[in-house]
Amino acid sequence: YLNGVVIVSGVWDFSTLLPHPSNDLPYMLFLSTMVAAAHYHGKVEGDRDELIEAAESFALGDYALALHRGASLPDAEREGVAKRLAELLGLEQSYIEASNLRVRPSQFRKELMREEGMTFGRFDARMLGSDASELGDYPDYDASYNLIYGAYASTLNQYVRGELEFESDLPYEILSGKVRPWDYEPFTNRYVSVADHVSGTLRKNKDIRYFIACGRYDLATPPFAIEYTLNHLRLAPDSLDAFEFGYYEGGHMMYTNPSALKALKRDLAKFIGGKARGRR
């Protein structure tokens, strides 16, 4: 049996990430990371961590109720929810209302800094980019991916050619569509989820421990999504002590931030050495 698992920017249930007319859950779970991005870019004021906490409370409270009620939501309540979302996200209330209270992260990355002619990254919301046109609903590209692509490729090529002495003219595929189509046969007609595997493993092996590393500015796999999945595993409450979280000043690849890399290394050393800090 394994006695420890480290998960970096993970997802256990894709229903937490992929919205659908019948699935409003992602709008709630992306909210706190979008708020963190708005704070980073100076669009909302206050203590960032307090704003994140307020956003998560709102997401599972009034916002969740409003989304679940759909078209039956009274106009006065709809206006109140739109106003609060505008305050948290730094967007115009009219934009929130026009989006039917549902702003996708990709739309947010285009809209938040539209007046400045800037967009920002999906993998790391701190990273800025610009589009050919200020019009449109979505950014032309992910600024955070383009900023690190060259470093990933050149480092890998230096390693395999220099240290491993492996010679090939094949390009290094960092992210590639060549692996598609994916085989989702076990999950046909439903969202991919490994949540039952996580909980089942813990029931069978009570000594296993998990360390989950999350980037505060990760708009690909936001921390609140995996927290939500964890809180809905079919486990006894005391089993949640098996899970430890680390939160870092970065995005999906938080280790590209030198200070976050040091913090992650320190936390992983403690985890592997058995000196867990607890879930929070």
Side-chain angles (χ1 to χ4, degrees), residues 1-18 25-26 28-33 35-36 48-50 52-53 55-57 59-60 122-125 148 152 175 182 184 186-187 190-280:
Y1 282 176
L2 291 174
N3 61 7
V5 177
V6 173
I7 297 171
V8 179
S9 302
V11 54
W12 291 338
D13 188 333
F14 275 85
S15 70
T16 63
L17 302 186
L18 304 176
L25 188 58
M28 309 171 209
L29 302 182
F30 273 91
L31 182 62
S32 56
T33 300
V35 169
R48 187 203 62 182
D49 292 342
E50 290 180 0
I52 289 174
E53 185 176 350
E56 292 178 351
S57 178
L60 298 183
R122 173 175 176 261
F123 286 127
D124 191 332
I148 64 172
Y152 269 72
L175 291 177
W182 295 99
Y184 291 122
F187 305 98
R190 63 188 179 97
Y191 284 103
V192 175
S193 175
V194 297
D196 285 343
H197 293 287
V198 176
S199 57
T201 298
L202 187 57
R203 282 193 295 270
K204 297 170 186 175
N205 177 11
K206 297 185 181 302
D207 292 323
I208 195 170
R209 294 293 180 267
Y210 292 86
F211 183 87
I212 303 168
C214 302
R216 280 299 187 194
Y217 302 100
D218 180 2
L219 281 171
T221 57
F224 199 32
I226 198 166
E227 290 178 19
Y228 178 92
T229 307
L230 172 59
N231 288 327
H232 289 77
L233 295 180
R234 293 180 290 179
L235 292 170
D238 59 356
S239 296
L240 297 181
D241 292 338
F243 300 89
E244 178 185 351
F245 277 76
Y247 301 91
Y248 304 95
E249 298 300 307
H252 193 69
M253 295 79 77
M254 73 287 292
Y255 43 80
T256 59
N257 178 0
S259 63
L261 175 62
K262 292 178 181 178
L264 177 62
K265 191 267 184 185
R266 181 182 64 246
D267 291 344
L268 290 179
K270 291 180 180 178
F271 176 73
I272 294 170
K275 300 176 182 178
R277 298 177 302 158
R279 184 179 173 190
R280 294 290 179 182

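Arg234 contributes atom CZ, which lies 13.5 Å from atom CG of Leu202 (distance to the nearest 0.5 angstrom). For the atom pair Asp196 CG and Leu233 CG, the distance stands at 8.0 Å (nearest 0.5 Å).
Using a 4.5 Å heavy-atom threshold, the side chains of Leu25 and Met28 count as touching. Looking only at side-chain heavy atoms (C-beta outward), Asp13 and Tyr228 stay at 4.5 Å or farther from each other. Within the 4.5 Å cutoff, no side-chain heavy atoms of Glu56 are placed close to those of Leu60.
Glu249 is linked by a salt bridge (charged side-chain N to carboxylate O under 4.0 Å, His left out) to Arg48, counting only residues two or more places apart in sequence or in another chain. Shown here are the side-chain contact (heavy atoms from CB on, under 4.5 Å) partners of Ala220, two or more places apart in sequence or in another chain: Arg122, Phe123, Asp218, His252. Residues passing the ring-ring contact (aromatic ring centres under 6.0 Å, His included) test with Phe30: none are found, sequence neighbours excluded. Evaluation of the side-chain contact (heavy atoms from CB on, under 4.5 Å) rule for Ser259 yields Asn257 as partners, not counting sequence neighbours. Partners of Phe187 according to the side-chain contact (heavy atoms from CB on, under 4.5 Å) rule, which considers only residues two or more places apart in sequence or in another chain, are Arg190, Val192. Partners of Tyr210 under the ring-ring contact (aromatic ring centres under 6.0 Å, His included) rule, at least two apart in sequence or in another chain, are Phe243.
Side chain of Thr221 to main chain of Ser9: a donor-acceptor pair is present (N/O by atom type, distance under 3.5 Å, no hydrogens or angles). Proximity of a side-chain donor or acceptor of Tyr191 to a complementary backbone N or O of Leu17 within less than 3.5 Å is not detected. No donor-acceptor distance shorter than 3.5 angstrom exists from the side chain of Ser239 to the backbone of Leu235, with no hydrogens or angles considered. Side chain of Asn231 to backbone of Glu227: a donor-acceptor contact under 3.5 angstrom is found.
Scanning all heavy atoms of the two residues, the minimum distance from Thr33 to Pro223 falls at OG1-CD, 3.5 Å. Across all their heavy atoms, Ser32 and Ala55 have their closest contact at CA-CB, 3.9 Å. Nearest heavy atoms, Pro258 versus Thr256: CD-O, 3.5 Å. Minimum interatomic distance between Ala59 and Leu31 (heavy atoms only, all atoms of both residues): CB-CD2, 4.1 Å. The two residues Leu268 and Phe211 have their closest heavy-atom pair at CD2-CD2, 3.6 Å. Between Ala242 and Ile208, the closest heavy-atom pair is CB-O, 3.7 Å.
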Inset, instruction - Please report the C-alpha distance between Ile212 and Trp12 in whole Å, then the side-chain angles of each, then the deciding distance to 0.1 Å, and finally whether the side-chain contact (heavy atoms from CB on, under 4.5 Å) criterion is met. - result: CA-CA 11 Å; Ile212 303 168; Trp12 291 338; 3.7 Å; yes

Inset, instruction - May I have the step-by-step check of side-chain contact (heavy atoms from CB on, under 4.5 Å) for Leu230 and Phe245, ending in yes or no? - result: CA-CA 11 Å; Leu230 172 59; Phe245 277 76; 3.5 Å; yes

Inset, instruction - Could you please spell out the steps behind the side-chain contact (heavy atoms from CB on, under 4.5 Å) verdict for Met254 and Val8? - result: CA-CA 9 Å; Met254 73 287 292; Val8 179; 3.8 Å; yes

Inset, instruction - Run the numbers on Thr16 and Phe224 for side-chain contact (heavy atoms from CB on, under 4.5 Å), then give the verdict. - result: CA-CA 9 Å; Thr16 63; Phe224 199 32; over 6 Å; no

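In summary, Asp241 and Arg209 do not engage in a salt bridge, as defined by a charged side-chain N under 4.0 Å from a carboxylate O.
Side-chain atoms of Tyr248 and Asp267 form a donor-acceptor pair, as typed in the model, at a separation below 3.5 Å.
Counting heavy atoms of neighbouring residues, nucleotides and ligands inside a 6.0 Å radius, atom CZ of Phe14 does not exceed 12 of them.
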